[in-house]
Amino acid sequence: MNAPSAARPCAGLSVVEVAAGVSDLGLGLAGGVPGLLLADLGARVTRVVGTRPAPIDADVPWGRAWHRDKRIVATDDRDEILALLRAADVALVYGPEELVERRGLGYRDLAEANPALVYARCRSGRTAKGTTADYGLLVEAAAGFCTQLDGHRPGPIFVDVRAPGVGAASLLSVSVLGLLRRRALTGEGGWSETSLYDGMLATLGCMIGRSERAAPEIEGYWEKGSTFPNFLYRCADGELVQVWFGGKGMYASLIGVLGDEPSEKGYYTDQMTGRLGERAQRWVSLFAKKPRDVWIAELRRAGVACEPVLGPGEALADPHLKEIGLAVERGRDTVLGSPVSVTALTGERPAGRRTTGGGRGLLSGLRVADFSAFVAGPLAAEVLADLGADVVKVEPPEGEAMRAAAYAVAACQRGKRSLALDIGAPEARRAVEKLLAWADVVVHNFRVGVAERLGIGAEDVARLNPGAVYCHASAFGDTGPRARFPGNDALMQAVTGFERAIGGEGNEPIAATWIPVDMAGGWVAAAGVLAGLYARAADGGGRRVVTSLLGAGMLTHSGVFTRDGALVPGPSLDARQTGYGPGYRIYEGGDGAWFALVIPDAEGWRRLASEIGGLPETYAPLRGGAADTAAREAEAVLEAAFAAEPAAVWTTRLRDLGLLAEPIEALNRDGFRRAVLDDPVNRRIGRVVTYETADWGRFEQIGPLLRYGPGPAEGPELTLPRVGEHTTEVLAELGLSHGEIDALLAAKVARRLDEERT
C-alpha cells in the first residue's frame, strides 16, 4: 500500500473500473466521473470495457472527457478482469448481476483474495415499483421526475439535468474516499453500493420533505414547490443575463442601476408582499434597453451579482477556468479539469488524532467545525455527520440566514450540534481558536477574504491546528480573476449551461427550482474533505481543500468539450423537450399520457420495426450523428404510431418485445414527494427516514444514502438542531469555564436555546 503525497492524495493507488454491459449515455456521470476524480487525485485508473461497445453510445462523445486519463482495456475474458481486480486498491463496478456477481466479480468473490480492496458497486435501482435498468431516463420516468418542471408545452418533459448520474457519481466518490481513509488507518478494505435511483434522490434533499406541523409556507414549499421569480432577463442584443441580489445591499444597488423606484422596507418585505414579483415583471422592459455586456459591467460595478446565460461547455473558453484548473488541455481537446483541489495545509507533519471509525460510521470520533451557511457547505458537513462525524454547526446568535428557508435547514443540517456564536466579536476569539484547535475538519463557504477577516482562514487554522483538513467550498475558486465574485445556484445554472440545456433547442432557458448546483457543490466538497482525510490518515499532515460551485455546475455537463476551439456537445435536447432522439426520449400516447423508451441496440430496433411499419432500417437512436436524417425520420414515424393507442397499451406491447419502456405517471409536486416518501422499499433500506423535531413534530425526508460495509454501520443520529441548542455544551467541551460562558451569553456574543424559550 503506497502512501499518498501531499499534492496527489491518491498517488500510488490502482483503480479498476469494470463497465460490464452498460453505456455512457445510460449511466451518465456515474459511470465515468468517480474514476476520473480519482485519476485527477493521482490514481492509476484502468477502465475495462467489453469488446463490443454499447451500440447506443456510437454518437456519444462524452466518454472522451470522462475517460481522458484512464487506460482502456477491451476484454470479455473473465479471468483477465479478475486478475486486474485482485491486484487493485479500488474497484468501481457497473452492470447487471449476470455480468458481475454471476461471473464471480462481486465483492464477496474478491474480498478473500484481496481483503484490502475497496469495492464500490453501482447496480440497478429497486423500489416498490420494481427494478429499473441503468438508464438515467428510465429512472427519472419511473419516479415521475419528468413531471416536476413546467416546460414549453403541456405534459412531462425530458429534464436535462443529469440528476441520477450526478448524484450516483457523488455517492460513489464519497464512499470510496471514506473507505480508503478507513483502510489507511486499519488496513481493512470494504464495500459500498448505490444506484442511479439513489443518485437522483441525492440531488433532491431541498425538494422533498413532509412535516407534521411546520409553518404553512414551509409545508407549502414541499407540497407545491417554489414560486420565487428567476430574475432571468433578455437584453437589447437578444442575449440573456441572470441576476441575483441576495447579498447585503445588492437589492438597493440593483434598483438604483435600473432606475426603478426605491424600496421603502427592503428585500424581504417586498418579497412577502408580492412587490418583488411586480418589480421582476417591470424589469423585463428595463433590461431590454441595453446590450448584455453593458448591463453586466454596470451591475458588477454596483456590486450586484450577475452572469451571462451560456450553453453547456461554453464556459470552458473563459480564461478563469484555465487559470484555476477547471479547463485543461488534452491534445486538441479542452475538457473539464478536477473540481477538487487538495494541497498541503502546512509543511509540518504533526501526529494527528487517528480515529478509526470503529463506532457509528466511517468517521466515528472525527470532529468537524462547520462555519458554512446556505446549502453547499452545510450539505458537505451533513454528509460527514451521516458518516458518523461529530459536526458542530457554528452560526450567528440570531441563526444563519437560511433558517428562514427551513426546507434548506432540513436538507443540510441533520445530525449536527448548533453553537450560536458571533465569531467576529473580540470576546469570542478564545472560543473560536479553541474550536479550530479541536477540529479535525474545518469547513466554510464564505466569499474569498471573509474567512481571513474573521480569523478562520487557512493560515489561522495551520497555525493553531496544522493537522486539520481545511475546506473552502467557494463560488468560483479561491484564486483567479473571478475568485471574489459572489455566486449561488441560479448564477451557476446560467453560466455552466444548465438552464439552456433544460430549455431545449432554440427555446428560452428553464431553471431547475430545487437548487441542484448547490446540492452538487455540497457533495463535491464532501468528496474533497474525504480526499484530504485519506491523505492525512497516512502521514498526519493537514490538507487544504478547495472546491467550487462553478466546478460542480460544470461537472453536470462535463461530457461536453471543445476540439480545436469548437464545441463537441454530443446529444442535446430538442425543442419539444422530449429527449435526444428516437431511441432515447419520451413519447405521448393517444390518451395524452406519456412513456419513456430506450432502444439500446440494433436488435431492439429490429424488433420495434417488426411492430411498427415504416421505421427506417438503419439503427439511428440519436439525433446529430452520422445517421441524423434516419433518426429524425424515425421520430416522426414513432410519434405518429404511438399517438394511435393509449400510452399504457404501448408500454405493455413494447415490454413484450423485450424493449425498455417506462410509463410516466402524471404527478404534481405533492404526488412526487409522496411517491418517494411513502415507498415501502425506500423506508425499509433507509432512503427515507422519519424522526421527531422540536419545531415541526414528526418529520420525514430523504435519509442518508451512503450504504457501505463490511459489518453493520449504525445510522447517524436523526436530529435537527435549533439555534444555540448545544452552545453551552460545546463551549464547556472546548474548555471554557462557566464564568467565561456566562460572560459570552450576557454580552449576547453567544446564545443558548433556553434564552429563546424564555
Side-chain angles (χ1 to χ4, degrees), residues 25-26 28 132 135-167 196-197 200 203-204 207-208 224-227 230 232 240 309 311-312 493-494 497-517 556-557 569-598 621-624 631-632 635-636 638-639 642-643 647 650-651 660-673 675-676:
L25 180 64
T132 307
Y135 290 89
L137 171 59
L138 299 179
V139 171
E140 293 171 351
F145 187 69
C146 301
T147 65
Q148 295 307 296
L149 272 182
D150 291 332
H152 295 297
R153 55 161 176 76
I157 66 170
F158 185 113
V159 186
D160 199 6
V161 300
R162 323 284 171 91
V166 171
L196 291 181
Y197 180 77
M200 183 188 72
T203 71
L204 300 180
M207 181 179 182
I208 295 177
K224 300 175 183 177
S226 174
T227 58
N230 189 33
L232 185 71
L240 286 158
V309 180
Q493 285 197 48
F498 213 97
E499 293 176 333
R500 280 209 181 279
I502 299 172
E505 183 180 1
N507 294 331
E508 291 292 291
I510 294 177
T513 57
W514 53 90
I515 46 179
V517 177
T556 303
H557 291 276
S572 57
L573 192 59
D574 62 313
R576 293 195 67 240
Q577 297 173 295
T578 64
Y580 298 150
Y584 201 85
R585 58 162 283 181
I586 62 175
Y587 288 95
E588 186 176 14
D591 57 349
W594 291 71
F595 63 93
L597 175 65
V598 173
L622 306 176
R623 293 182 303 273
R632 294 178 187 275
E635 280 192 290
L638 293 176
E639 283 180 350
F642 292 145
W650 276 115
T651 301
L660 300 172
E662 286 288 344
I664 301 173
E665 187 178 352
L667 296 175
N668 60 16
R669 176 69 170 264
D670 185 48
F672 179 63
R673 71 164 177 167
V676 172

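The first residue in the sequence is number 1, and the count goes up from there. Not measured: the values here are computed from a predicted model.
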Minimal non-hydrogen separation, [X] against [Y], with atom names:
X	Y	result
Glu140	Val159	OE1-O, 4.0 Å
Tyr197	Val139	CA-CG1, 3.7 Å
Ile157	Gly151	CG2-CA, 3.9 Å

For Asp150, does the CG atom have more than 12 heavy-atom neighbours from other residues, nucleotides or ligands under 6.0 Å away?
no

For the residue pair Arg669 and Met207, establish whether any side-chain heavy-atom pair is separated by less than 4.5 Å.
yes

Would you say Phe145 and Pro164 make side-chain contact, with heavy atoms under 4.5 Å?
no

Do side-chain atoms of [X] reach the backbone of [Y] as a donor and acceptor pair under 3.5 angstrom?
X	Y	value
Gln148	Leu667	yes
Tyr584	Leu137	yes
Arg623	Ser572	yes
Tyr587	Pro582	yes
His152	Gln577	no
Gln493	Val517	no

Sequence neighbours left out, what passes salt bridge (charged side-chain N to carboxylate O under 4.0 Å, His left out) with Glu505? Give chain and number order.
none

Mind telling me whether Phe595 and Phe642 have parallel, tilted or perpendicular rings, with 30° and 60° as the class edges?
perpendicular

Across all chains, not counting sequence neighbours, the side-chain hydrogen bond (donor to acceptor under 3.5 Å, both in side chains) partners of Tyr580 are Asp160, Arg162

Taking atom CZ of Arg153 and atom CD of Glu588, what is their separation to the nearest 0.5 Å?
7.5 Å

